[in-house]
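Residue numbers run from 1 in the order of the sequence given. Whatever order the structure lists ligands and atoms in, that order sets their numbers, starting from 1.
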Amino acid sequence: MENWPELEAKYYMQVVARTPVTLVRGRGARVWDDQGRAYLDFVGGWAVDSLGHSPKVVADAVAKQARTLIQTSNQFYTVPQIQLARLLVENSCCDRVFIGNSGLEANEAAVKLARRYGALNLGGAYEVITALGSFHGRSLAMTAASGQASFHQPYEPVPSGFVNVKYDDIEAIKAATTDKTCAVMLEPVQGESGVNVPADDYLKKVRAWCDEKGILLILDEIQTGIGRLGALFGYQVYGAEPDIMTLAKGLGSGVPIGAVLAREKAAVFTLGDHGATFAGNPLTCAAAVAVMDYILANDLPGHVAEVGKYLMPALQGLKAKYPFITDVRGRGLLAAVEFAGDIGQQVLLACLERGLLINRVKPNAIRLMPPLIIGRDEVDRAMGVLDGVFSGITG
Ligand code: PLP
């Protein structure tokens, strides 16, 4: 049998610290490695595999579309693209959609929209306020937007026009707003920097401030959207509708796709302003239509809310039991457990050993973002593994 990690070390750019397991197959919330060993997956493709692994509805939709029409170009109308746009608009506060291939592409489009809006309506305002600790993607502009120096420092100079301020602090946004500001861009819950959940009224206050100043509110729902927080979109949890919203991850349940949505007033692109060869490709859109149909028909957000209400107290229970757990936080099926020391990797490897996949989101924290279809059984199994691992650490 091939030694895949050895071949990877030889041929692949070394940009990510891999967990030492080669996954070859998945079904539901389970994956199997190349030795045939099964794992319960609480990483979920980094909050992507919303319907679980290789869901039949998506596999069927992709297979059918692949046999019908894989790609034309945006010179022509294609059916799945328009079907998906309708589904997204009819189920959100937004009026128009542009579909791309990933999260960062969606965010790039969102910032382009905001800058056009600023040029047209705000006397040339172009600055976007983002939050410290945010993550918006890995393009040059999105590394600048992301409020974490490690993402942009190696590539400086990065595009200007972003101001990073403290998260969950309305006063910081107010203080940073000038006549150059065209938008505020936030994650409803910060995912990549450790599942930072803001105060319940934070987004409402930001919404009110944006209205007062006539600037746009962009919500990056790439990680929080499509049911993850227990509502179809995170903004519904917090009661603050954005002018522009970006989606990716869970939208295709593993098929790469992203989308920027905007209310009519912010949908200011005109002919030639934006585009991409694969944007709104029939194959990926057919997958996302299948995902959206499934999610809506089965009220998956409601299911997530319920299972999330079971998961969070279970994690709190572990916190009460193990004093080295300093914090447990999350919403829906996005959660983090923080430790007093940098034992995240140790916990990850011990979980792997016991057949549970988790994510080490910070040296001292792990993140759980399982497929949205998991039930209480899977939560129980994961909690059992964590309990066993933690008891080993105290001992
Ligand atoms: N925005 C958020 C909130 C994310 O969590 C991510 C990815 O983790 C991105 C943007 C970037 O998305 P992508 O990796 O698809 O470019």
Next on the checklist: Once rounded to the nearest 0.5 Å, what's the spacing between atom CG of Leu232 and atom CG of Leu296?
Outcome noted: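 That separation rounds to 6.0 Å.
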
Checklist entry - Rounded to the nearest 0.5 Å, how far does NZ of Lys319 lie from OG1 of Thr326? => result 7.5 Å

Checklist entry - For the ring pair Phe151 and Phe135, is the centre-to-centre distance below 6.0 Å? => result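 For Phe151 and Phe135, the ring centres are under 6.0 Å apart.
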
Next on the checklist: Quick check on atom 5 (O) of ligand 1 - does any protein heavy atom sit closer than 4.0 Å to it?
Outcome noted: yes

Regarding [X] and [Y], do their side chains bring together a donor and an acceptor under 3.5 Å, going by distance alone?
X	Y	result
Gln223	Gln190	no
Thr130	Asn164	yes
Thr224	Glu221	yes

Nearest-neighbour protein heavy atom for [atom], which is reported as residue plus atom name and distance:
atom	answer
atom 11 (C) of ligand 1	Gly137 CA, 3.8 Å
atom 12 (O) of ligand 1	Gly103 CA, 3.4 Å
atom 7 (C) of ligand 1	Lys249 CE, 3.3 Å
atom 16 (O) of ligand 1	Leu104 N, 2.9 Å
atom 2 (C) of ligand 1	Phe135 O, 3.2 Å

Check ligand 1 against [X] and write out every atom of the ligand that is under 4.0 Å from a heavy-atom position of the residue.
X	value
Glu187	3 (C)
His136	1 (N), 10 (C)
Glu192	5 (O), 8 (O)
Asn107	1 (N), 10 (C)
Asp220	1 (N), 2 (C), 3 (C), 10 (C)

Item to check | Option among Lys362, Glu187, Arg367 that satisfies the side chain to side chain contact (heavy atoms under 4.5 Å, CB included) test with Glu192 | outcome: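 It is Arg367; the other options fail the test.
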
Checklist entry - For Arg331 and Asp200, what are the C-alpha separation, side-chain angles and deciding distance, and is it a salt bridge (Lys or Arg N to Asp or Glu O under 4.0 Å)? => result CA-CA 11 Å; Arg331 195 120 201 191; Asp200 282 349; 3.4 Å; yes

